[in-house]
Each structure stands twice: as C-alpha cells, then as structure tokens.
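Working notes for the structure below.
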Amino acid sequence: MSKLWTIIFLCISLSALAQRGANPEVISSSKSTTGTTYALVMGVSKYENPNIPELKYADIDALVFREYLLSTGIKEENVYTLINENAKNASFWSTLNYLSDQVKEGDVVYIYFSGHGDVESKTIVQDAYLLPYDSPYTVYPMGAIGIIYLKSWISTFSSKGVQTIFIADACKSGNLIGGREGMEATANILKDKWQDEIKIVSCQPGELSLEGEQWGGGRGLFSYELINGLSGLADKNKDDEVTLRELNLYLLEKVPEQSGRNPQNPMLIGNYEATIAFSNKQFIDQNSDSKDLKITSDKNNADALAVKGILNSNALRSANDIVYQSSDNQSMKLYNEFNGLLKEGKLISYYPPSAYSIYQDLEKLNGDPKLVESAKLLLSERIMQDIQKFVRFIIGDIGENEHGPLQIINISLEATILREMIGDKKLIESGNFARVLFSEACRSLHKFVKDDDLLMPKELAIMKLDTALSMDKGAVYVNCLKGMIFEFEFYNEEIALNEYKIAVANNPNFRIARNMLLMRFAENKDYASILDYTKDQRNNLLNILYSCIAFKNLNMNDSAKVYLAKIQSRTHIPADPRKEFETCSETGDFLINERDLENAKYYFEKALKSLERCCGVNEEDLSYYFENVALLNYNLACLYSLLLDVDKSLFHLEKCLAAGWTDIAWLMKDEDLNFIRKSKKFTLFFDKNPNASYNLACFYALSGQQKEALKQLEKAFSAGWSDFDWLEKDSDLATIKETKKFKALLKKYRKK
C-alpha cells in the first residue's frame, strides 16, 4: 500500500467557507514511496523577543511528533530537530537547503512546525508567517518564515518527485502584532492550492488551536489527537491502515467535542482514499491517556521530556550538527581547523586564517566532497544567523547589548560571501535575498564606514536595494535604508522623506522608519505633519514623545501638558522595574537626541535606579542586569560629556567598561564624547585601565595606526593586562604582531 502524505497542515486554518464535515476537493492521487524518508521538526514555545507570548506545549508537540516518526521506522539520523533557542530562522532554511541537495525521486520529506503563526495587519503584502525563535516582533519580512517561500520549496521538492509532508500547528494566539485579524488572514492565505497536496488543518479562520494539561499530560489538542489517529485510533475498519478519510472522521469527532466553549473544527483536503499511516499499537500504548507523558505546567518542558528520555541532546540534531569523519587526512585536518575557527566566531577576517579562508582551501584541495559540503552548510548557517541578528538590530527589534558592537563591514562582507557560497537562487527561494542585499548596501553609509577603500558606491547600493524591493515588496526596511542613503549620502531630503513615508505607509509597525520620518519632520519644523502621522498611534511611547514636542512648538500648551503627563505615567511603573527601565531608557535616548539634556538626565538616572531594582538574586535577573548596565552607563557618560561634566562622564565610562563594553572604536569617534576626549583626565583614565588600553590598541591596529597601537598596548601591559594566550590569537592585532616593537614588548612583559 502507498504511504502518502504530501502536504499536512495542523492548526493554521483554512477558508471560512469550509464548513465542518464538508467534502473537500480531491487534489492528489496515491503514489508509492520507496525511497528514503527525511524530517525537519521545529517546535517553539519560548521566543527571544519578550513581546511574543510564550506557548506551553508547542515544543513538546514537536518532540512527541519526532518520537512518532521514529516509531514508524524512520532513521534517527534523517530526523533534524530544532527546538526553542535552536529553532532559528537560519537553521530552518539551511536545513531545508541541505535536504534539497540530498533528496531524490521517491523520497519523502516531513516538515513539521509548532509555534506561532501570524500576518502583520495593515501591511502592503499580506503574507503569512511562521515565527521561529528569533523572529522579530514586528516587520516579519526581516526574519520570520514566509509561507510563500515555503510553498516554493515544497513545489521544488514535488517537481523532483519527492513527497512532502508539512505539518504546522500555529494558530495558538491572537495576541500578536496582527491580532485576531492576522491569525485569520494567515488561515485564509494557507487555503490556496499549492501542488499535489494534502492539507490537514486544525481549525477554521477565527478559531484558536487549543493546548492544555488535559491532553497527554500537556499537549496541543489537535496535535495530540492527530498522533492518536495516525497511530491507529482512526483505523475504523481495523485493517491496520489509516486513510485520509478515516483520519478526517476521527478528528472531526474528537477535536470539536473536547474544545468546549472555544470551537476548534479541523478540516482535511486531499485524496481521501490515500493511506497515510499504518497502525502503531506500541506507540498508542505508550502515549494513551492511561500512560501519557505526565508533563505538567509546573515543570520545565525540557526537563520533563529529558526525564522521559525524549529530549536527548545526542539524539536531537539539525543539519548543522552533522560532523563527518573522513579517511582523507589532509581534508580532515583542514576541516578540524575550520570547525575551531567557527567556534571562535572567526567567520571572515582581513588577515587569515578564518573559517571562510579554510573553507576555500578545502574546496581547492578537491578532497572529500562531504567535508566541503558540511563546511559549506555550517558556515552559511552562521552567516545567515549573523545577518538575521544584524537586521533585527537595525530595525530595533533587539538592542546593542543583545547584538554586540555594530560591525557593518563584517556583516556586509559576510553577505557577499553567502551569495557566492549558495547562490542567489536559493537565497531568493528562502526569502533571504532582500536581507542579504540590504546587509551589503549598509556599507555605503559614511556614518558607519570610515575607510573609503571599503565604502560601497552609493549608486551601487541603491541598485541593490531596488533589486531587493523587486524581489520582496514587503521589505519596507529596504525603503528605510534607501531613505538614509538619499539623506546622508546624496543629501536629497525630498527623496529620503518619500522613502520613509513609503515604509511607514506599507508597515505602520516599522518603528525605525517611523522614527526616521518623524525626526525629519522635527528637523524641518514640520510639526503639523508630526501630529498627522502620530494621531492613530499615540499610545506608542515614541509617538507620545514626538507629539509632545510638536504641541509645545505649536504653542498648544494644554495638549503639550497632557502628553507630558502621558510620558511621566508611561515611565513610572514601580511594580515592573524592567518595564520602567526600558521606558525611561528609551525616553532618555529620545531626549538626548533632541538635546533636552536636563530631562534626559532625569530619565537616564531613573532608568539606572530601575535597572538596579531589576538586579535580584536569581540568574535571570542578574543576566538582565548585566545585559543592560554597560549600555546605560555609556549613555550616561555621553550625557555628562554633553553637560560638560568630565568627572561624572568618566565615572560612568569606567562603569561601562567594567560591565564589559568593548566597542572602543565607536567610543573614540562618538561626537557626544568630544568634550571629555579633549581632556587630560580622559588620557589618564585609559592609562590606568588595562582593558580599555588593550581595546584601544586593537582599535588603532585595525585602523592601520601601528605606532599608536603599540603605545596603547604597552600601557595595557604596564597597567596589568596579562592574557597573553588571547593576545597571540587575537586577529585585531595582526598588523603589529610582526613588528620588532611588538615582539620586544611581548618578551619584556610576558616574563613578569
């Protein structure tokens, strides 16, 4: 009998026209599958962005589905599993990319996703998205999994004669940026016919996919009953086979009767006579109501699964976990060196070796092709992760404390290397092409690139961005960058303003574009336009701040007082010190940019007190404190420099460096610190701070100023810097390591 599934959708619902029990259109026929079966299983309950609501059992649903697949005889090495923090956008696409190179006619591919699904409301492109762990909270094209691209991949698999099984249990919440409308729009988008598909959907548009302890000790209702049905409970005629018709009848009976006041009505589309599973009595016995997993909400999901032997770090693997062993000793030596550099984060470098340079050596060697393939997969995924994190930082979805120092040059060069490695075609198919072109084009801004040799011509950057927009009309972040290039490189404020307007009109949730637009209005003293653009979103803190300034400048004092009171209320949240810190810090940032220094001082100092209140005794509180304290103290150092208070500025600068700030390059060129950099106390401050002097030496070495680099390095040694093991492998100092002075310093101070 054939073992056919071609597309399975759990949860993300279909058309409202599809009524419970309706007879679906037959759109595929039975096919025999005699090849290899692969699976990509992805489950996300916890999200990196705290604004995305956590789920309870999405990760468990994915892990139990993995166990079900293994129980059917699929080889463990062919099941790639991405759970929570490992379920990143880049990992998803790189694993699909890897599978596309492995599969052949007659093979079967399962793609399972359990987590959030959404559509941003009021955007130019109403595409549906599945949200991976590192999805942005808004501007989904910057990092969520676009259904339109997934559809393209599934069509590609089908064209190769590969049967594809896609399972997505994603209508978990209406509390995302798209709201209930976004959830319903996601469902309607997924009703479209793809290619030779079977779809199994957990609920109609407007319905939620339920989860709770009552199902399997902690599961999603639909996922729980789906696996029960597939395992044999749906086998009505007891022939040990489960057809799509039998599964449909089983789900239509079991799911609605348990959904209570929140109706959940599954729907199946496809060849009802196709056999999609075989009875698996052993799996039913292990996972029946009498012998369920007993995972309750008061336990950590991962810990509970580990107890049951399901979450096994050696068993869960993604494509990037593949480690090949080869009899080709020369290739293996290079491959091991490549992995070492990858773990150190040395993906590319102006001065070899780097992971990329070793990958190139592996290619030239013409040795074991599997090692080259593995290195290509590992490096491309890491670069995609870097690009994903970079664009999230650019759109304001994560802060500098989470992203690290801004390294436009490295990201831009990594993007170019990624295009060379895997080709534009695959980047386009996965929806990553616009992000890659965006990352490349950032190198055209003088603000971030001081070396003219590395600066991208602004005309070339605009060409790249226009290409990106032709590929992805929803990529409004590209419009924002175009605006910045026209504003700061072409000095054409009119075109810049228009690009910002396009970005905001097509995605009102894009906060950075809105900020650029309102900032331009403020600089042009166009306060009426500020009020026009903020009238619909005045519960947003950024809009409240700009509205307050506009009312003040238009002498609408009563309205200005109202909005000043709103600011004060939004920044006073004593019951939630984290929220209070974030709003006060954001307000301080805004006011310092507007040069309202006294009020900026008030809010930054308040933010510091709130952050200190966040510093509890548990590990999570301490982690949050250390993630934010360096940047806040840096902002305070800038503030007091602008207030011409050298001592207080240096006090906070010392706190900043002690908390781990390492971006000395930015510190040395930040205009807000111009005043203290001219003082003798600033020079003395670096002389007595070994870490600061060492990082300053790295800054000068990278800038080609060897004499200053060696001078600062000697100061670092004199002040007590002694991590010589790190120094020997630090590529930032490559330009001075072969000098006589460096060797003399190393010989002199290493003895001490």
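Bear in mind that the values here come from a model prediction, so they are computed numbers and not experimental data.
Applying the 6.0 Å contact sphere to CE of M463 captures no more than 12 heavy atoms from other residues, nucleotides or ligands. Residue K655 qualifies as open at atom NZ: its count of foreign heavy atoms under 6.0 Å is 12 or below. Counting non-hydrogen atoms of neighbouring residues, nucleotides and ligands closer than 6.0 angstrom, the CD atom of E738 reaches no more than 12 such neighbours. No more than 12 heavy atoms of other residues, nucleotides or ligands shown are found within 6.0 angstrom of CD on E671. The number of heavy atoms from other shown groups lying within 6.0 Å of NZ (K458) is above 12. Q330 CD: 12 or fewer foreign heavy atoms inside a 6.0 Å radius.
Between E728 and R750 there is a salt bridge, since at least one side-chain N of the basic residue sits less than 4.0 Å from a carboxylate O of the acidic one. The pair D672-R677 does not meet the salt-bridge criterion, since no charged nitrogen lies less than 4.0 angstrom from a carboxylate oxygen.
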Q) Please walk me through it: do W93 and N97 pass side-chain hydrogen bond (donor to acceptor under 3.5 Å, both in side chains)? A) CA-CA 6 Å; W93 290 118; N97 182 28; over 6 Å; no

(Q) Before you tell me yes or no, could you show the steps for L727 and F717 under side-chain contact (heavy atoms from CB on, under 4.5 Å), namely the whole-Å CA-CA distance, both residues' side-chain angles and the distance that decides it to 0.1 Å? (A) CA-CA 11 Å; L727 182 144; F717 288 153; 3.6 Å; yes

**Q.** Stepwise side-chain hydrogen bond (donor to acceptor under 3.5 Å, both in side chains) check, S135 with Y47
**A.** CA-CA 8 Å; S135 171; Y47 283 84; over 6 Å; no

Q: Verify side-chain contact (heavy atoms from CB on, under 4.5 Å) between L733 and T735, making sure each step is shown before the conclusion.
A: CA-CA 6 Å; L733 298 174; T735 56; over 6 Å; no

Q: Output, in order, the C-alpha distance, side-chain angles, deciding distance and verdict of salt bridge (charged side-chain N to carboxylate O under 4.0 Å, His left out) for D466 and K482.
A: CA-CA 9 Å; D466 284 339; K482 278 185 68 178; 2.8 Å; yes

Q: List the steps and the verdict of side-chain contact (heavy atoms from CB on, under 4.5 Å) for L460 and R443.
A: CA-CA 10 Å; L460 176 59; R443 204 166 81 239; over 6 Å; no

Q: Walk me through it: do E414 and R382 pass the test salt bridge (charged side-chain N to carboxylate O under 4.0 Å, His left out)?
A: CA-CA 10 Å; E414 284 182 18; R382 281 292 299 276; over 6 Å; no

Q | side-chain hydrogen bond (donor to acceptor under 3.5 Å, both in side chains) between Y749 and S718, worked out | A | CA-CA 8 Å; Y749 287 97; S718 298; 3.2 Å; yes

Q: Mind running side-chain hydrogen bond (donor to acceptor under 3.5 Å, both in side chains) on E420 and Y356 for me, showing each step along the way?
A: CA-CA 11 Å; E420 293 174 359; Y356 178 59; 3.1 Å; yes

Q | Steps toward salt bridge (charged side-chain N to carboxylate O under 4.0 Å, His left out) verdict (D576, R570) | A | CA-CA 12 Å; D576 188 346; R570 290 291 296 270; over 6 Å; no

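Annotation: ring-ring contact (aromatic ring centres under 6.0 Å, His included) contacts involving residues 587-607, sequence neighbours excluded, comprise Y546-F590. The stretch residues 330-346 participates, sequence neighbours left out, in these salt bridge (Lys or Arg N to Asp or Glu O under 4.0 Å) pairs: E344-K346.
Separation of the F438 and Y477 ring centroids falls under the 6.0 Å cut-off.
The nearest pair of heavy atoms linking L653 to Y634 is CD1-CD1, 4.4 Å. Contact detail for A375 and Y335: the closest heavy-atom pair is N-CE1, 3.9 Å. Pairing each heavy atom of N689 with each of L657, the nearest pair is ND2-CD1, 4.1 Å. Across every non-hydrogen atom of V476 and A503, the tightest pair is O-CB, 3.6 Å. Nearest heavy atom pair, residue S444 against residue E489, reads O-CD, 3.4 Å. Closest of all the heavy-atom pairs between K46 and Y133 is O-CD1, 3.0 Å.
Here CZ of R419 is found 13.0 Å from CD1 of I383. Values are rounded to the nearest 0.5 Å. Between atom CD1 of residue I417 and atom CD of residue E440 there is a gap of 10.5 Å, rounded to the nearest 0.5 Å. The line from CG of N524 to CE of M519 is 12.0 Å long, rounded to the nearest 0.5 Å. Between S693 atom OG and K715 atom NZ the span is 6.5 Å, to the nearest 0.5 Å. With values rounded to the nearest 0.5 angstrom, I573 atom CD1 is found 8.5 Å from S610 atom OG. Within the model, atoms CG of L667 and CD1 of I676 stand 7.0 Å from one another, a figure rounded to the nearest 0.5 Å.
Partners of F486 by ring-ring contact (aromatic ring centres under 6.0 Å, His included), not counting sequence neighbours, listed by chain and number: F490. For S439, the side-chain contact (heavy atoms from CB on, under 4.5 Å) partners at least two apart in sequence or on another chain are I387, F390, V391, I411, A415. For E580, the salt bridge (charged side-chain N to carboxylate O under 4.0 Å, His left out) partners two or more places apart in sequence, or in a different chain, are R613. In this structure F338 satisfies the ring-ring contact (aromatic ring centres under 6.0 Å, His included) test with no other residue, sequence neighbours excluded.
T739 and Q706 are not linked by any side-chain donor-acceptor pair at a separation below 3.5 angstrom, with hydrogens and angles left out of the test.
When each of L481, L437, I409 is checked for a side-chain contact (heavy atoms from CB on, under 4.5 Å) with C442, only L481 meets the rule. Among the candidates T571, N599, L542, the single residue satisfying the side-chain contact (heavy atoms from CB on, under 4.5 Å) test with T587 is T571.
By the 4.5 Å heavy-atom criterion applied to side chains, L673 and L642 are not counted as neighbours. Under the 4.5 Å side-chain criterion, counting only non-hydrogen atoms from C-beta, Y640 is not in contact with V646. Contact of the N479 side chain with the Y500 side chain is not registered, since no non-hydrogen atoms from C-beta on lie closer than 4.5 Å. Using a 4.5 Å cut-off on side-chain heavy atoms (C-beta onward), E605 and L636 make contact. Between F581 and R578, every side-chain heavy-atom pair lies at or beyond the 4.5 Å cut-off. In this structure, Y359 and L342 have side chains that are not in contact, with every pair of non-hydrogen atoms separated by 4.5 Å or more. Residues D670 and C638 have side chains in contact (heavy-atom distance under 4.5 Å, counting atoms from C-beta outward). At a threshold of 4.5 Å between non-hydrogen side-chain atoms, the residues K88 and L82 do not count as touching.
Between the S430 side chain and the L427 main chain, a donor and an acceptor come within less than 3.5 Å of each other. Within the 3.5 Å criterion, the main-chain N or O of A90 finds a donor-acceptor partner in the side chain of S94.
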